[in-house]
Amino acid sequence: MYVLEQISSEVSSELKQLSPLQAPAIAWEKGNNLADLSTAFAFQAAKIYQKSPVAIAQFLAKKLSEKTNWLTFLPHERGFLNCNWQPEGIYQVLKQASEMGPEYGKRSKEPERKANIEFCSANPTGPIHLGNARGAAIGSVLANLLETLGWQVTREYYFDDYGTQVDAFVLSLEARYFQALGKPCQFPENGYQGQYVRDIANEVVQLQDHAILNKDSESRLAFFREYGLGKMLEQHRKTTSRMGIDYDAWVSQSSLDRDGWLVQVIQALEKRGVLFRKDGAVWFRSTQFGDDKDRVVIRSNDEPTYLAWDMAYHLNKRARGAKLLIDVWGPDHHGYVPRVKAFWQALGYEEADLQLLIYQMVHLFDKGAEVSMSRRSGDFVTLDEVLDTVGKDATLFLLVDRSLDSNMDFDLDLARQHSLSNPVYYVQYAYTRALALEREAAVREIEIPPPDPELCRIYTSSERNLVTMIAMMPEEILRAALTFSPMRIANYAKDLAGQFHAFYHDERVLGANPPDQAARLVLVRAVRIVLANTLAILGLSAPEHM
RNA sequence: GGGCCCAUAGCUCAACGGAUAGAGCAUCGGCCUUCUAAGCCGACGGCUGCGUGUUCGAAUCACGCUGGGCCCGCCA
């Protein structure tokens, strides 16, 4: 159990003696100029126990002082409970971080905790753009967070290889192919204008497979479908991999039909009596579950709608063992949420087991003007181009260092000019500095001792702030994951890095008198471990040199 | 017309309902003969869009305005 959790559990056991009522969860806050650590817990408890916050804070301070020597407790006159680290508490925190190393922050695996996170999932009708990439960054960090909490996570990419948009892509490809061969050909009205379609068409020309030309229209289109989608998916795999994301599963829409999921989900809904026929189509009575109108699932031409496919897909994910399903979607999907939730409810699943996360728009600016992210127009900047310009770590950090709910402006010019001021370097530099200290200590043949309660006596306030940050890290991960806010970890990383930079400037490490030097090296190593673990969760590299 | 999201320093953004609302960029001024200056310290900068309510306490919650982005198909 992590240090702060241990203290929290002491708090609950004390409160049990006060009242049989369930105590609220305790939340620790980092220190201020009054103390190393604090909590507003007494205010929340006051409501439940009908006692004054001050009385509760005083009661806790008294009881806890008798039970632990890790902290001293100072009840504030307004009701806050302020705490200061004692040598033994500092020792426990540093010991835990040093001994656990890369495991610090993690929790044990629970077999029933299986999650499936579907994110990015750009249609294979065009390259991944920055809008998709925001979903990729969010989903990937969320996956890392849940894994840290002991979940078994499947990172999944779902792609549509079926339907009118794919048909338009295939027809566009065929048209470009004919054009490349100099044959007159009408480009489809809803076609994809992008250069990448020409590029793939040119590749096909290079194949010089004249059999393609001689085939009948149907098998020629089948060829372009397979070849074109294959190429696009290969590109998507490469691009996401450049972002440091490796998917566990790539699931195609057509596989759902092949494997019978479409039929199964329709039957399941039929059995529940929530389907009806109208105007030659089959409808899902989603209004019964809070949607504002009923939705067609099978069109009058017998073709299933996207909703039907999506329902089949969710059934399929569940059947593959995931309890928690997370979908990370762009802002254009928000209107779609109620009908998916309706379906989930109609089949009797737990509401909390389906999390639909909607992130807001990314506006991309280049050379002073907004750049389109519409694939149809063909005039847009791809994620690969952004990665070329800005780099993987900086792009990832910019995308994740922002609440899902806020719109985001991404200015390529600024990114180019100020690439060095990207906060990601601030965090990475802190890691590099810590590592350099350890490296230099080794060169000077200074051994970094294991944490020791005696050494922990001498820490100053700025050093104890770092201890607080280290102690809070496991809880930060928990909060970030449970509230689906990957951004919190980015904030935590910046905060820890900032405190470390300040410490680095204030306190001489190597060459200080031996006890100070030893104590500081122990702290530096613990900070380095936590920074490394945090960078790993964010999917960022931890550079040895900068 | 209905729905989702946003509004905080000049700009980009933080802040589990908590104490004196914080960072970065920009502007100005300091700090490298000593562990990496991609850093540190300081100054400047705020009726947290407006109003009402809820309570020990509101940038945060509720309701109503104002302004902005997006979505409302038997497309995906």
Side-chain angles (χ1 to χ4, degrees), chain A residues 25 27-29 32-34 38-41 43-44 46-47 52-54 76 78-80 82 123 125 160 162-166 168 190 253 278-283 292-293 295-301 303-307 309-310 330-338 358-361 363 398 401-411 414 418-426 428-430 432-441 443-444 446 475 479 482-483 485 487-488 490-491 494-495 497-498 500-512 517 520-521 524 545-546:
Chain A
W28 296 100
E29 282 157 42
N32 45 46
N33 48 9
L34 297 173
S38 84
T39 174
F41 173 81
F43 290 102
Q44 281 104 48
K47 282 202 177 112
S52 90
V54 184
H76 186 267
R78 294 188 48 187
F80 295 96
N82 290 326
N123 281 346
T125 52
D160 307 326
Y162 184 92
T164 52
Q165 292 189 13
V166 173
N190 289 331
Q253 187 172 323
K278 193 179 95 183
D279 305 333
V282 178
W283 297 67
D292 59 351
K293 52 182 166 180
R295 308 291 172 175
V296 171
V297 284
I298 308 287
R299 293 194 280 257
S300 45
N301 66 0
E303 285 288 326
T305 60
Y306 181 74
L307 176 62
W309 289 106
D310 215 26
D332 50 332
H333 280 71
H334 88 259
Y336 184 68
V337 167
I358 305 284
Y359 59 89
Q360 294 302 312
M361 275 254 152
H363 296 281
L398 285 173
D401 182 32
R402 215 165 238 80
S403 117
L404 301 204
D405 287 339
S406 57
N407 285 327
M408 179 177 168
D409 292 338
F410 196 110
D411 192 321
L414 280 180
H418 299 294
S419 64
L420 288 185
S421 67
N422 189 302
V424 76
Y425 300 115
Y426 186 77
Q428 288 178 322
Y429 185 50
T432 306
R433 272 183 150 178
L435 196 65
L437 279 176
E438 292 179 73
R439 206 165 36 220
E440 181 61 19
V443 170
R444 299 188 192 182
I446 300 165
E475 183 173 323
R479 271 195 218 176
L482 296 183
T483 57
S485 316
M487 172 210 61
R488 294 189 68 104
N491 280 338
K494 285 190 291 190
D495 204 348
F500 181 70
H501 285 308
F503 156 80
Y504 184 92
H505 184 263
D506 290 345
E507 312 288 355
R508 181 81 202 169
V509 178
L510 300 175
Q517 175 175 271
R520 287 171 192 162
L521 278 170
V524 167
H545 302 275
M546 282 181 80

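Computed from a predicted structure; not experimentally measured. All chains are named by letter (A, B, ...) in the order of the sequence lines, taking the proteins before the strands, and each is independently numbered beginning at 1.
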Listed nucleotide nearest any side-chain atom of A:His501, set B:rC16, B:rG57, B:rG39
B:rG39
Between A:Asp310 and A:Tyr336, do the side chains contain a donor N or O and an acceptor N or O under 3.5 Å apart?
yes
Can you tell me, in whole Å, how much space there is between the P of B:rC71 and that of B:rC11?
26 Å
B:rA38 versus B:rA21 - spacing of their P atoms, nearest Å
33 Å
Using a 4.0 Å heavy-atom cut-off, does A:Glu303 contact any base of the nucleic acid, only the sugar-phosphate backbone, or nothing at all?
nothing
Which is true for A:Asn33 with a 4.0 Å heavy-atom rule: it touches a base, it touches only sugar-phosphate, or it touches nothing?
base
Given B:rC6, B:rU36, B:rC4, which nucleotide is nearest the side-chain atoms of A:Asp405?
B:rC6
Give a yes/no answer on whether the side chain of A:Thr432 brings an N or O atom under 4.0 Å of OP1 or OP2 in B:rG39.
no
Rounded C1' spacing from B:rC61 to B:rG2 in Å:
24 Å
Rounded to whole angstrom, note down the C1' distance from B:rG68 over to B:rU8.
16 Å
By nearest nucleotide on RNA chain B, pick out whichever of A:Asn82 and A:Asn491 is the more 5' one.
A:Asn491
Among B:rC70, B:rG18, B:rG69, the one nearest any side-chain atom of A:His334 is B:rC70
Taking the side chain of A:Lys293 as heavy atoms from C-beta outward, which of B:rC72, B:rC5, B:rG39 is closest to it?
B:rC72
Distance check: side-chain N/O of A:Arg299 vs OP1/OP2 of B:rA76, anything under 4.0 Å?
yes
Taking for each residue the nucleotide of RNA chain B bearing the nearest heavy atom, is the 5' side occupied by A:Arg444 or by A:Asn407?
A:Asn407
Report yes if a donor N or O on one partner sits less than 3.5 Å from an acceptor N or O on the other, where the partners are the side chain of A:Asn32 and the base of B:rU20; otherwise report no.
no
What distance, rounded to whole Å, do you find between the two C1' atoms, one in B:rG53 and one in B:rA9?
29 Å
Is any side-chain N or O of A:Tyr426 closer than 4.0 Å to OP1 or OP2 of B:rC40?
yes
Candidates B:rU36, B:rC40, B:rC74 - which lies nearest the side chain of A:Ala502:
B:rC40
Out of B:rC5, B:rC40, B:rU12, minimum distance to the side chain of A:His505 belongs to B:rC40
Could you please name the option among B:rG69, B:rC74, B:rC71 that lies closest to any side-chain atom of A:Asp332?
B:rC71
Could you tell me the Watson-Crick or G-U partner of B:rC70, where both distances fall under 3.5 Å? Say none if there is no partner.
B:rG3
Between B:rU20, B:rA37, B:rG57, which one does the side chain of A:Lys47 approach most closely?
B:rG57
Which listed nucleotide (B:rA38, B:rA19, B:rC16) is nearest to the side chain of A:Ser38?
B:rA19
Determine which nucleotide pairs with B:rA26, using a 3.5 Å limit on both distances of a Watson-Crick or G-U wobble pair.
none
Write down the distance separating the P atoms in B:rU66 and B:rC50, rounded off to the nearest Å.
15 Å
When you measure from the side chain of A:Arg433, which nucleotide among B:rA37, B:rC74, B:rU34 comes out closest?
B:rA37
Between B:rA43 and B:rA26 - C1' atom distance, rounded Å
14 Å
May I ask which nucleotide in the shown strands pairs with B:rU60, Watson-Crick or G-U wobble, both distances under 3.5 Å?
none
